[in-house]
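Proteins get letters first, then strands, A, B, ... in listed order; numbering begins at 1 in each. Side-chain atoms are counted along with the backbone in the values below, which use heavy atoms only and exclude waters and symmetry mates.
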Amino acid sequence: MELILALAIGVLFSSGIWLILRPRSFQVITGFMLLSYAVNLFIFITGKIHINKAPLTLDGVPVDPTRYADPLPQGLVLTAIVIGFATTALYLVVLLGSRGLTGTDHVDGKERDHDE
Amino acid sequence: MLLLLLIILPFFGAMAAACMPAHARNREAWFAAAIALMGLVITLSQYEVISEGTVLRYELAWLASFDLNLVFRMDGLAWLFTVLIQGICLLVVLYARYYMSPKDPVPRFFAFLLAFMGAMQGVVLSGNLIQLVMFWELTSLTSFLLIGYWHHRPDARRGARMAFTVTAIGGLCLLAGVLLLGHIAGSYDLDKVLVAGDIIRAHPWYLPTLVLIALGALTKSAQFPFHFWLPHAMAAPTPVSAYLHSATMVKAGIFLLMRLWPVLAGTPEWTWIIGTAGVCTMLIGAFLAIFQHDLKGLLAYSTISHLGLITCLLGIGTPLAMVAAIFHTLNHATFKASLFMAVGIIDHETGTRDMRTLSGLRRVLPYTATLAVVASAAMAGVPLLNGFLSKEMFFAEALLVGSASNWWMSAAAVLMGIFGVAYSLRFIQVFFGLLQSGDNPTPHEPPRWMRFPVELLVLCCLIVGILPELSIGVMLDAAAQSVLGEALPEYSLAIWHGVNLPLIMSMLAFVGGVLFYLWLKLRCNLQQRDKVPLLHHLNGKEAYETTMLLLAAGAARLERLFGTRRLQPQLLLIVLCGLAACVPLWWLLPQVSTSLSLSNISWPFAMLWLVGSACAITAAWQAKFHRLAALILVGGTGIITSLTFMWLSAPDLALTQLMVETVTAILLLLGLRWLPARISADKLNLVASNTDKLRRVRDLIIAIGAGAILALVSYIILIQPDNQTISLFFLEKSLPEGGGSNVVNVLLVDFRNLDTLGEITVLSIVALTVYALLRRFRPAVESMKMPPQQRNPIDPAVNQLPGEQATTGYLQVPAVYLRLLLPIISVVAVYFFMRGHNLPGGGFIAGLVFSVGLIIQYMLAGTAWVEARLKMQPHRWISFGLALAAVTGMGAWAFGYPFLTTHTAHITLPFFGELHLPSAFLFDLGVFAVVVGTTMLILIALAHQAVRSHRIPGQSNEYRAQQETR
């Protein structure tokens, strides 16, 4: 389980890094989305792996911590997901604006002489 | 409390003065004078208390655990300086009322002046070292504004910049020095530092501390070799010069040396650094002063010289020298302020300050001439004036330092006296001889009240000079006592001590000065001489300009070498730095290899991620030429991530991720339309160059390396044994104290709701930014025309608007279904929202669900159709949500609790039964509204771009009508 999750995070991160190093703005935005999955999962696993232990203390006190997943990383990731959406939207608008203004979708706003 | 008032008053006054109308010169001046007078009255009312040796203290706890509190303290020294600052400020305001031309923007002047006064008082009243440095920098800033007041003049701009650069750099050194000092003393509180003198002097860091603090003080007080900024600061209006360079700005450095005298002085290093700087400055300043042609320039160099004298006295380090230093600080302030004002009058009446074109002004300005002559006599140290007394004390101290074998100090003192007499003679020479009055042929005496400050100051010079013990004795005692403590020496302020060595030195300096001046005048053509003899190479200004130029050129070169405006190298650098930070992980590798096993692999989970990884990699591969495919694949990865959250006991995350995934996909789909068509290189028969291939290989290696490292880090984290975290607290307190059993939701809306408030604020800001950016959006030309899919003549739908398609066209059936879906989705959203406190759900999720419901309507029937029937107004949702969340938080105040404290109420309703109603519920409602508003604002703004670009000839009338009603 741990191995799969770690590898999955690695693959997502690799794909994301590869994409953000590309010259086209759409590649970069997809790269950032993949990176955000990787990073969200990474923050999430700092609370370790728990199966069938949702942090819902329905049956009240006394609380046995081994019966529940760690709620703190979940709270962090929840806000991270929403903020991630907002930044994606912002980046998309900047991307479109840059494209409209410069006539190219290169991240620097101009094509280089010898480019991919 | 009074101390706090002393600081707040001037800043309040500055703000009020800045808001006054530009032509209200009188009102401005009266107001500023009233502020200064109020401060002065407050200070003087404390005279009794202070003269008994009490230390007033006001403390406002801020970061008590870091020893950072707002502390004001007033002892004898601070009191004396406060009186000086406020008294001279009062006179300067009065003077400036007449000096400033009606054309000058006066509110700015008085506002800056009052702010400067406040900063200065902050420096002298600070009881905390860090706080002192803050006010110190504030004086640099406000003096910059004052010196550059006539900002249309290049010399004023340059002078202001130079003064600011030098003093602010000094201020940074001072900050470093003060940090060291506080570290050694174990506290930044001045009272605690002042008693730790022995520890500080014995500490190995004493020397660096001393050097840094001395740099701060010496730059501020214009000591050699940093003296060059002061003459250039003379480009300021004369009232500013009179204030800054007599009583305040330059005295701040002196004050600091006095303040820290008990802890830093008394070592050879102190004497060498401070004493040497003082001696050099007083001689160089005095010598240069003789050869100035500008009256203000002469006074500027004489100020430098007198500051050097005071610094030198402090450097000597005996208690009596300290008394003399304080005494001379006072005396210098009185006579120098009056001289500056007298120069201002001359400038005002004749239109010039050039001594080569002025003489015989006694005939037209008799009063001013008398006053200026008396004041410059005080400057030269003529008996019966205050300057004489402190100079006498200085000579006595100089004698004490040197003995028979070591007489250089006495010689320097006499030399300085000779120069002082010479430049004073040079100064008063403008009043004698034939009448020559610059540009204005008929100068006349200034208004009565413009002369008044000069009269008052000169009167002070006389009173102190004739009756020193009666007039100033007690104050001087109190001030010296507060620095020296018990070690106050016996001294006498009498005029006549009998014929002794200091008196002989005084006489020598006087006679020598007169002779030297006559010699210079007759032999060296002093009146017209352009170059300063001997010292004309000593040009601090040039060194400063050269350094500045070199710095600018160096920075430009560095930027050319290392800077780039291209994104890819920057991202590459960030990634590489991140990778480099992972080097220490190398030592954890053995641990990984031992625990690696394939036994506990859940194969369904592995399959899940096989799909997820395949999606991610394919998306990375295809993102360039197949954007839609890449988008779908990224969405696939998002779904897998959501499933993973579900699998690993995070239902809230799974729901949020799923909803965000949906919304993001729609968002990007809306954006895709504006991107240029990209045809693959194979079709164009392009061959990638070798550099491109190399770059791709490099990026691939970096990407794989980064992924491997993050996988490794993740694995290491996962195999660490469990340890106690703060999560237990949240699990335990969630239900009993937060009133909800969904710990994640309680965490968001209760425990950490300030963070959530911040987050929804960020969301709103992003939404508004997106909206604002899109208002100015201009699509690229080739994206303007209809896309080929919509131009296909075979498809009858191309002739219909989306709204028509949904009502009468071929989308009629799905339209009915999906329209029905809106109430259902709304109910689901309400359901998720209501149960959020106890079960998975909450404001974020409900908001996203509701937004998706609305977006579906937009997708189906088009923007125009929906907006003709449904007024969304997302701005209002956002403002309502933010206001609700904030007001809910503030509600806690009404019950005497801190901001955002929550409360749970249980209300029993008929039919529904008991209703669980925490105040966090209202907060969550705010979150819900903000999320809906944000999502809708972003998506609608983007969708409108498509509508806007369709506004081309040939549209149906109905469509245009809808557009207009919108």
Kindly compute the distance separating CD1 (B/I726) from CG (A/L72), expressed to the nearest 0.5 Å. 5.0 Å
Going through the checks in order, is the side chain to side chain contact (heavy atoms under 4.5 Å, CB included) test met by A/L5 and B/T644? CA-CA 9 Å; A/L5 207 49; B/T644 308; 3.9 Å; yes
Interatomic spacing from CG in B/L763 to OG1 in A/T79 - rounded to 0.5 Å: 10.0 Å
Let's test your reading of the structure: which of B/A711, B/S741, B/A650 forms the most heavy-atom pairs below 4.5 Å with chain A? B/S741
Give, as side chain, backbone, both or neither, the part of B/P721 having an atom under 4.5 angstrom from any heavy atom of chain A. backbone
Check whether B/V575 gets within reach of chain A through its side chain, its backbone, both or neither, counting any heavy atom under 4.5 Å. side chain
What part of B/F605 lies closer than 4.5 angstrom to a heavy atom of chain A: side chain, backbone, both or neither? both
Test item: B/Y715 and A/L7 side chains (from C-beta on) under 4.5 Å apart, heavy atoms: no
Identify which of A/L41, A/I29, A/V28 forms the greatest number of heavy-atom pairs closer than 4.5 Å to chain B. A/L41
Mind checking the CD1-CG spacing from A/I4 to B/L608? Nearest 0.5 Å is all I need. 10.0 Å
If you tally heavy-atom pairs under 4.5 Å against chain A, which of B/R752, B/K693, B/Q657, B/Q622 wins? B/Q657
Do B/E661 and A/F85 have side-chain heavy atoms sitting under 4.5 Å apart? no
Side-chain heavy atoms of B/Y771 within contact of A/V93, under 4.5 Å: no
Any B/R627 side-chain heavy atom under 4.5 Å of A/Q27 side chain: no
Counting N and O atoms only, with roles assigned by atom type, does the side chain of B/S727 sit under 3.5 Å from a partner on the main chain of A/D70, one being a donor and the other an acceptor? no
In terms of heavy-atom proximity below 4.5 Å to chain A, should B/I938 be classed as side chain, backbone, both, or neither? side chain
Paired with A/I81, the side chain to side chain contact (heavy atoms under 4.5 Å, CB included) test is passed by just one of B/T641, B/T664, B/T656, B/D652, namely B/T656
If every non-hydrogen atom of A/L21 is compared with every non-hydrogen atom of B/I702, which pair is closest and at what distance? CD1-CG2, 4.4 Å
Under 4.5 Å to a heavy atom of chain A? For B/L648 that would be both
Please state whether the side chain, the backbone, both or neither of B/V762 comes within less than 4.5 Å of a heavy atom of chain A. side chain
Indicate the atoms forming the closest heavy-atom contact of A/T30 with B/A623, along with that distance. OG1-CB, 3.8 Å
Starting from the C-alpha separation in whole Å, work towards a yes-or-no answer on side chain to side chain contact (heavy atoms under 4.5 Å, CB included) for A/W18 and B/I704. CA-CA 8 Å; A/W18 161 261; B/I704 292 175; over 6 Å; no
To the nearest 0.5 angstrom, please state how far the CG atom of A/N40 sits from the CG atom of B/L653. 8.5 Å
Counting only heavy atoms closer than 4.5 Å, note whether A/L34 contacts chain B via side chain, backbone, both or neither. side chain
Minimum heavy-atom distance between A/F13 and B/A706, given as atom pair plus value: CD2-O, 3.6 Å
Minimum heavy-atom separation for B/L747 to A/P71, with atom names? CD2-O, 3.6 Å
Output the distance between atom CG (B/L710) and atom CZ (A/F42), rounded to the nearest 0.5 Å. 5.5 Å
Choice from B/L567, B/L731, B/L571 maximising heavy atom contacts with chain A below 4.5 Å: B/L731
If one checks every heavy atom of B/L672 against chain A at 4.5 Å, the contacting part turns out to be side chain
Which heavy-atom pair separates B/Q568 from A/R22 by the least distance, and what is that distance? NE2-C, 3.7 Å
Which one of A/M33, A/E2, A/K53 has the most heavy-atom pairs closer than 4.5 Å to chain B? A/E2
Relative to chain B, which segment of A/M1 carries a heavy atom at a distance below 4.5 Å: side chain, backbone, both, or neither? both
Interface check, chain B: of A/G75, A/S36, A/P55, A/A89, most non-hydrogen pairs under 4.5 Å belong to A/P55
Output the distance between atom OG (A/S14) and atom CD1 (B/I617), rounded to the nearest 0.5 Å. 8.0 Å
Looking at side-chain heavy atoms only, is the closest gap between B/Q945 and A/L96 below 4.5 Å? no
One thing to verify: whether B/K624 and A/D105 come together as a salt bridge, which I'm taking to mean a side-chain N less than 4.0 angstrom from a carboxylate O. no
Within a strict 4.5 Å, meaning less than it, do heavy atoms of the A/D108 and B/R565 side chains meet? no
Taking the side chain as C-beta and beyond, is there a heavy-atom pair between B/V744 and A/L56 under 4.5 Å? no
Bottom line for A/L76: the part with an atom under 4.5 Å from chain B's heavy atoms is neither
Under 4.5 Å to a heavy atom of chain B? For A/L92 that would be side chain
What option among B/L668, B/I640, B/L942 has the most heavy-atom pairs under 4.5 Å with chain A? B/L668
Just so I understand: if I count every heavy-atom pair under 4.5 Å between each of B/S649, B/A703, B/A616 and chain A, which residue has the most? B/S649
State, with a plain yes or no, whether a side-chain heavy atom of B/P676 is found less than 4.5 Å away from one of A/T104. no
Side chain, backbone, both or neither: which part of B/L748 has a heavy atom under 4.5 Å from chain A? side chain
Contacting region of B/W647 [heavy-atom separation from chain A under 4.5 Å]: both
For A/L12 and B/W609, the nearest pair of non-hydrogen atoms, with its separation, is CD1-CH2, 3.8 Å
